[in-house]
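For reference, the structure discussed in these notes is given below.
Order of the sequence lines fixes the chain letters, A, B, ..., with proteins taken first and strands second; residue numbering starts at 1 for each chain. These numbers were taken from a predicted model, which means no experiment stands behind them.
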There are 2 protein chains.
Amino acid sequence: MFDDSWEPPAILLAVDLVILTLRDSRLHVLLIERGIEPHRGTLALPGGFLRDANEDIEDAARRELNEEAGLADVHLEPLNVYGEPGRDPRGRVVSVAYLAITPRLPEPVAGTDAVRACWTSVEDALSSDAELAFDHRRIVADGVERARTKLEHTALATAFCGETFTISELQQVYEAVWGIQLDPRNFYRKVQGARGFIVADGPLRRTANGRPARLFRAGPDQVLYPPMVRTAHVAPQGPNGSAN
Amino acid sequence: MFDDSWEPPAILLAVDLVILTLRDSRLHVLLIERGIEPHRGTLALPGGFLRDANEDIEDAARRELNEEAGLADVHLEPLNVYGEPGRDPRGRVVSVAYLAITPRLPEPVAGTDAVRACWTSVEDALSSDAELAFDHRRIVADGVERARTKLEHTALATAFCGETFTISELQQVYEAVWGIQLDPRNFYRKVQGARGFIVADGPLRRTANGRPARLFRAGPDQVLYPPMVRTAHVAPQGPNGSAN
DNA sequence: CGAATAGTGTCTCTTAGACATTATTTA
DNA sequence: TAAATAATGTCTAAGAGACACTATTCG
């Protein structure tokens, strides 16, 4: 059964990054225009090969995050492995995808390596019109789905916000990622009831009009109890059905 | 920034399998005694390298499952990637771990490749006494944790059972994996309330005494609604506290 | 019949969701 | 003051957990 001369095949290992953020109350993913073959000129996820055989995989992900998107210190977690034979014409490439979550950034970041980096709404990126390199559409879809479910059971939502945030800002995160409307009053109760999720930090007046909102920061706990269950709450109806 | 002569490093790709089953109402994992270096003689997960550069990763997992454990047609799902430099002395080995769930098997399976294959209770495998090769203890722990949470939201529990099963058998799955006792009457209600989870199949009388139980088989849906939430139900107290 | 297990019904308390109300700011 | 947003309170219906009860088998 064994051939003594047999040796395991060599593989190329890549990392790909699904970097999500919120822009204009909608979920966006960072895409770059590829500067080299294959798929030169088409949109793709930031990523690349391991630099050397001793580089840690997550370190490589952070390095690419920095090189191609100029980002550091973001929430990063393993998403999945994509290794189907034939997914990359350069040979047998196995890619480890990571999910990265960042707060809203001031301007579209300019990568150093990639030709062009741009935030694309997840809706657009997943629409059948958009062309994405390799199997990156699938990876984006998996990343979004992961974010959706993690929002229910973990404090991931705070990773979309800055250091401090108001409760309605946090609500916007949930609404954008889940794609549904939530009742602000019930959201308030729920979010406060989840122990260790958020802690108060001092008031602020930000908006032009209206009562100023309290500021919070991420609490100590990552797993939420009770969880933020995503049931079929419908948008609260205004008295005038015509608006919006 | 780029060196034109640079080439991405080659790595070795392996698969490892966390195969879980139920024996004597306890969760067990399949371990093999390694027949070759490194870690010759110590316990490890079944697994191995990709056979060639064109083999699909999940196919490789199924092949190893068959070669080392004599199993086919089991529930299989990707668990995680383990690629820390130095985890394998043979070089840079990145391992894709899969989680496999099987019904109770008649006898301890004998592998063709491995020296010896044996079912080990998860409790024993994770105890600090047991020595596991590489980072396999961590992988086992991750697999068990995955099974625990998937039991809540998916129909995974039926994969531990045979083609048909009684509701109390299904309850034993939940009790073993979660490590808690459940109230049979509430379990009944819940499991029946989860749409598409199980469907009736015809009666049976199996046990020596007691009313015969209805038989069920796995239903059409994989995601459970409502989910089987795992809260802190305590074991039902008999009227006589001394028993058991 | 009694023992043992299967299955159903009922009660209570918690909580999710709907929605009214009060509070605090700017213009 | 009006407009706007923040925060709290109340009601109701659904669901979780506790547990009594009925049903069906074997000996």
Side-chain angles (χ1 to χ4, degrees), chain A residues 25 152-153 164-172 174-175 178 180-195 198-216 224-241 243-244, chain B residues 25 152 164-172 174-175 178 180-195 197-216 224-241 243-244:
Chain A
S25 299
E152 296 192 70
H153 305 284
T164 60
F165 48 85
T166 69
I167 290 196
S168 60
E169 283 171 351
L170 194 62
Q171 180 179 340
Q172 285 171 38
Y174 278 90
E175 292 184 331
W178 283 351
I180 60 179
Q181 297 277 103
L182 299 171
D183 183 301
R185 299 156 295 190
N186 293 334
F187 184 81
Y188 229 91
R189 189 161 31 88
K190 260 180 150 171
V191 106
Q192 297 273 36
R195 293 182 292 252
I198 58 174
V199 294
D201 200 72
L204 174 86
R205 62 188 52 184
R206 284 246 197 117
T207 53
N209 52 356
R211 173 178 176 174
R214 274 192 279 173
L215 281 181
F216 295 83
L224 296 187
Y225 189 80
M228 303 287 293
V229 285
R230 166 178 47 155
T231 47
H233 354 207
V234 188
Q237 301 280 1
N240 184 349
N244 191 1
Chain B
S25 300
E152 296 192 70
T164 60
F165 47 86
T166 69
I167 290 197
S168 60
E169 282 171 352
L170 194 61
Q171 179 179 341
Q172 284 172 39
Y174 277 89
E175 292 184 330
W178 284 351
I180 59 179
Q181 297 278 103
L182 299 171
D183 184 302
R185 298 155 298 186
N186 293 334
F187 183 82
Y188 228 91
R189 190 163 27 89
K190 260 181 149 170
V191 107
Q192 297 273 34
R195 294 181 290 254
F197 187 12
I198 58 173
V199 294
D201 199 74
L204 174 86
R205 62 189 50 183
R206 282 239 203 124
T207 53
N209 51 358
R211 173 179 176 174
R214 275 192 279 174
L215 281 181
F216 295 84
L224 296 187
Y225 188 82
M228 303 288 293
V229 285
R230 164 177 49 154
T231 46
H233 354 208
V234 187
Q237 301 279 4
N240 184 348
N244 188 12

Rounded to the nearest Å, what distance is computed from the [atom1] atom of residue [X] to the [atom2] atom of nucleotide [N]?
{"X": "A:L224", "N": "C:dT15", "atom1": "CG", "atom2": "P", "answer": "16 Å"}
{"X": "B:L204", "N": "D:dC26", "atom1": "CG", "atom2": "P", "answer": "11 Å"}
{"X": "B:F187", "N": "D:dG15", "atom1": "CZ", "atom2": "P", "answer": "18 Å"}
{"X": "B:Y225", "N": "D:dA14", "atom1": "OH", "atom2": "P", "answer": "12 Å"}
{"X": "A:D183", "N": "D:dT5", "atom1": "CG", "atom2": "C1'", "answer": "14 Å"}
{"X": "B:E169", "N": "C:dA6", "atom1": "CD", "atom2": "C1'", "answer": "13 Å"}
{"X": "A:Q192", "N": "D:dA6", "atom1": "CD", "atom2": "P", "answer": "14 Å"}
{"X": "A:F216", "N": "D:dA6", "atom1": "CZ", "atom2": "P", "answer": "12 Å"}

Decide yes or no on side-chain contact (heavy atoms from CB on, under 4.5 Å) for B:I180 and B:L182, but give the supporting numbers first.
-> CA-CA 7 Å; B:I180 59 179; B:L182 299 171; 4.1 Å; yes

Using only side-chain N and O atoms of A:R214, determine if any of them is under 4.0 Å from OP1 or OP2 of D:dT5.
->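 No, because none of the side-chain N or O atoms of A:R214 sits under 4.0 Å from OP1 or OP2 of D:dT5.
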
Proximity to the side chain of [X] - top-ranked nucleotide from [options]:
{"X": "B:N186", "options": "D:dA18, C:dC19, C:dG7", "answer": "D:dA18"}
{"X": "B:S168", "options": "D:dT8, D:dT10, C:dA6", "answer": "C:dA6"}
{"X": "B:K190", "options": "D:dC26, D:dA16, D:dT10", "answer": "D:dA16"}
{"X": "B:Y188", "options": "C:dG7, D:dC19, C:dA18", "answer": "C:dG7"}

Residue whose nearest DNA chain D nucleotide is more 5′ - B:R189 or A:I167 |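 Looking at DNA chain D, the more 5' nearest nucleotide goes with A:I167.
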
By nearest-heavy-atom nucleotide on DNA chain D, the more 5' of A:N209 and B:N209 is A:N209

Contacts of B:S168 meeting side-chain contact (heavy atoms from CB on, under 4.5 Å) (sequence neighbours excluded), chain-then-number -> B:T166

Who are the side-chain contact (heavy atoms from CB on, under 4.5 Å) partners of B:P212, not counting sequence neighbours?
-> B:R205

Please write out the pairs of protein N or O atoms and N or O atoms of nucleotides 21-24 of chain C separated by less than 3.5 Å, giving the distance to one decimal.
residue: C:dA23; atom: N3; partner: A:R211; partner atom: NH1; Å: 3.2
residue: C:dT24; atom: O4'; partner: A:R211; partner atom: NE; Å: 3.4

Qualifying residues under side chain to side chain donor-acceptor pair (under 3.5 Å), relative to B:E152, sequence neighbours excluded = B:R230

Only counting residues at least two apart or in another chain, list the ones meeting ring-ring contact (aromatic ring centres under 6.0 Å, His included) with A:F216.
-> none

For B:E175, all residues meeting salt bridge (charged side-chain N to carboxylate O under 4.0 Å, His left out), sequence neighbours excluded |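 Result, salt bridge (charged side-chain N to carboxylate O under 4.0 Å, His left out) vs B:E175: none returned.
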
Taking side chain as C-beta onward, heavy atoms only, is A:M228 less than 4.5 Å from A:V191?
-> yes

